[in-house]
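Below, read A as the first sequence line, B as the second, and so on, with proteins coming before strands; counting in each chain starts at 1. This is a predicted model, so every value here is computed, not measured.
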Amino acid sequence: MRNGLSKDLIARVLGGTPKYTLDELEAKYPPRQLPDGAMVTRFAPSPTGYMHLGNLLSCTIGYKLAQQSGGLFMLRIEDTDTKREIKEAVDIILKGMEVFGFKPDEGVGYGGEYGPYYQSQRKDIYHSVAAYLLEKGLAYPCFLTQEEMDDIRAKQSAAGFGTGIYGEFARDRDISEEDIIKHLENGETPTIRLYSTGNPDNRIYCKDLIQGTLSVPENNEDIVLIKSTDRLPTYHFAHLCDDHFMRTTHVVRDRSYFGTFALHVQMFRMMGWQLPNYIHIATLDKIDEETGNQRKMSKSKDPENNLAFFLQKGWPTESVVEYLGNILAPGYEEAKLKGQVKSFWDYELKPKKMPVSGSLFDMKKLEWWAKEYIATLPVDVLVKHVVDWANEYGNEDNKKQVADVKYLTSVLAIERDNPKRIRKDFITWQQTLNEVSYFWDFLFVPNNEYTYNQDVLKGFLETWNESDDKDTWWGKVVAVAEKCGVKPGEVAMNLRVAMTGRTNTPDLYSVMQVLGDKRVQERIRQHL
RNA sequence: GGUCCCAUCGUCUAGCGGUUAGGACAUCAGAUUCUCAUUCUGGUAACACGGGUUCAAUUCCCGUUGGGACUGCCA
């Protein structure tokens, strides 16, 4: 601890008089009145671009924990990095959460008593806490320039020391009031740094709900609390102030925060505040195409990391969440297969059971979840999804395909009547439309490679009657086969290829019924 | 380089001293079907390595190797 600054100097250093005392803040944001065990969680993305899978993962956990414990889920926007901020990002986040089915109880766009929920609007709170630290000698203004710090870093690296502003490298750690005033009068804006009292020779125990207790060296870096550039807080300080005054009980965040875990624990202790529970989630990985190594999904390198990718391709959002749920809750899949639960939302998520190390994102398994999910949908729901997707993301062809909803419905209803034997060849809304494209004349590609048996085609045409029931129809196919001296299967294959251009299709009778007499006749005749 | 974490089939994992090491996806084979899909049956496939501890190690301890994350006035 160093000498505290005078109130007047604190105001000058901070660029204004702090608005609150700590007591006032405590009164303004009192502990929440919730039943025992209720978890208060938050999704706290920074608006720096698109919403990615990692975001969705932590959002899912926060939401689920709050939901299953009768707690509360917040959306906080961590917009303290003005340089990297992207204008539309908040809308993307809001929309992303909505389409994936996450509705916060409070937060940006949802209101609440513990706001503001934009960090950029919480300056008064951060500055008030910073003022307290300055007054107590637990923080100090630092006037190191970027160049000076670059220099320090270079020297540290060259000497094999850890980089950062700590100990002897923290030049202004014990700066006098006179020197502070000099810098101020020189027009400089300081960063506010933590006056760290940690000693790396000591170990501190940090408890993570997934991992258990970690032993790490104490932090001795005088990390930045308030940036000089815009007087906004750094992540560390915002985390401390926000999760305390928003009364977060469970901090769900990326595993990459492990490195600063000790620092955060120390800061809470320094304030005498109750430490929240921490849940550091494992990364979602992929195999790097260049190196062949497993690595965390990257925002810039991996298009499939972007949730927009899933939306554009028409992946059922529910199945993406189910897939993630399966990663988070081993045992969920089995419970679901046994029919014990209907969805991930019915299965208890236990932090202790969540994966400890990174998992490879498995598209094949996602496909399986998607197929299973789509197979459970009543045809009208399936149709609605496909229509909605086509209208928002589809190309012109897709839009034409969904124009006649009645026809689309009859196409998608094929082999959906028996719940035990529903076709599982639909994966995404986009792929669904591609899969059945031959039902539309403008997309139908006649197969001219196939060697048709003319006798079969002609023979069938002579007896074909649209109003025949399936047995009658099949009887006629068999009759044609006998007449032409071939197997019934060959008749069916001739018709199938003529009808669809493909050798693999759903039930031929259903296909012909949906196509209708006119198309059936046309498609056969063009090969005669 | 420093700090921290991790290590069971190709993938996601169950296991918490004694198991034929279980499941799911993927894959392969067979049955069913007018083709395909579905459905059903079956199969291939894993405890990274080396030391301990123990009557007994996949399981506990140590080391090695391998992998990952962090190391910013980014979060």
Novice: Would you kindly say whether S437(A) and N434(A) are connected by a side-chain donor-acceptor distance under 3.5 Å?
Specialist: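 No, because no side-chain N or O of S437(A) sits under 3.5 Å from a partner of the opposite role on N434(A).
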Novice: In terms of side-chain heavy atoms of P330(A), which of rU13(B), rA75(B), rU35(B) is nearest?
Specialist: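 So the side chain of P330(A) is nearest to rU13(B).
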Novice: On a whole-Å scale, what distance lies between the P atoms belonging to rC25(B) and rG43(B)?
Specialist: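 It works out to 15 Å between them.
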Novice: What about R496(A): does its side chain form a donor-acceptor pair under 3.5 Å with the base of rU35(B)?
Specialist: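 Answer is yes: a donor-acceptor pair is held.
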Novice: Counting just side-chain N and O atoms, does T80(A) come under 4.0 Å of either OP1 or OP2 of rA75(B)?
Specialist: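 So the side-chain polar atoms of T80(A) do come within 4.0 Å of the phosphate oxygens OP1 or OP2 of rA75(B), strictly under.
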Novice: Give the intermediate values and the outcome of side chain to side chain contact (heavy atoms under 4.5 Å, CB included) for residues T505(A) and M499(A).
Specialist: CA-CA 10 Å; T505(A) 71; M499(A) 242 12 76; over 6 Å; no
Novice: Looking at rU39(B), I'd like to know if its phosphate oxygens (OP1 or OP2) sit under 4.0 Å from a side-chain N or O belonging to K424(A).
Specialist: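 Indeed, a polar side-chain atom of K424(A) lies that close.
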Novice: Side chains of Y438(A) and R523(A): is there a donor and an acceptor less than 3.5 Å apart?
Specialist: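 No pair is found: no donor N or O on one side chain lies under 3.5 Å from an acceptor on the other.
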Novice: Checking contacts here: which listed nucleotide (rA26(B), rC4(B), rU13(B)) is nearest the side-chain heavy atoms of K364(A)?
Specialist: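 That would be rA26(B).
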Novice: Between N or O atoms, less than 3.5 Å apart, protein on one side and nucleotides 63-73 of chain B on the other: list the pairs.
Specialist:
residue	atom	partner	partner atom	Å
rG68(B)	OP1	Q294(A)	O	3.2
rC70(B)	OP1	K296(A)	NZ	3.3
rG72(B)	OP2	R153(A)	NH1	2.6
rG72(B)	OP2	T163(A)	OG1	2.9
rC73(B)	O2	S228(A)	N	2.7
rC73(B)	O2	S228(A)	OG	3.2
rC73(B)	N3	S228(A)	OG	2.6
rC73(B)	N4	L144(A)	O	3.3

Novice: Touch check for R203(A), heavy atoms < 4.0 angstrom, all strands: base, sugar-phosphate only, or nothing?
Specialist: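 Sugar-phosphate contact only.
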Novice: Are side-chain N/O atoms of D150(A) and Q146(A) paired as donor and acceptor at under 3.5 Å?
Specialist: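 Side-chain D/A pair, D150(A) to Q146(A): present.
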Novice: Is it true that E188(A) and N186(A) share a donor-acceptor pair across their side chains at a distance under 3.5 Å?
Specialist: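 E188(A) and N186(A) do have a side-chain donor-acceptor pair below 3.5 Å.
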Novice: Parallel, tilted or perpendicular: which fits the ring planes of F258(A) and H280(A), with parallel below 30° and perpendicular above 60°?
Specialist: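 Plane angle between 30° and 60°, so tilted.
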Novice: Consider the side chain of Q211(A), meaning its heavy atoms from C-beta on, and name the nucleotide among rC12(B), rU35(B), rC6(B) that approaches it most closely.
Specialist: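 Ranking rC12(B), rU35(B), rC6(B) by closest atom to the Q211(A) side chain puts rC6(B) first.
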Novice: Would you say the ring centroid of H236(A) lies under 6.0 angstrom from that of Y257(A)?
Specialist: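 Ring centroids of H236(A) and Y257(A) are no less than 6.0 Å from each other.
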Novice: Could you check whether T505(A) gets within reach of a base, just the sugar-phosphate, or nothing at all, counting any heavy atom under 4.0 Å?
Specialist: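 Base, at least one base heavy atom under 4.0 Å.
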Novice: From the options rU13(B), rC4(B), rC5(B), select the nucleotide whose nearest atom is closest to the side chain of P217(A).
Specialist: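 It is rC4(B).
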Novice: Which is more 5' along RNA chain B, the nucleotide nearest V216(A) or the one nearest P488(A)? Just name the residue.
Specialist: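 First, find each residue's nearest nucleotide; the 5'-ward one identifies V216(A).
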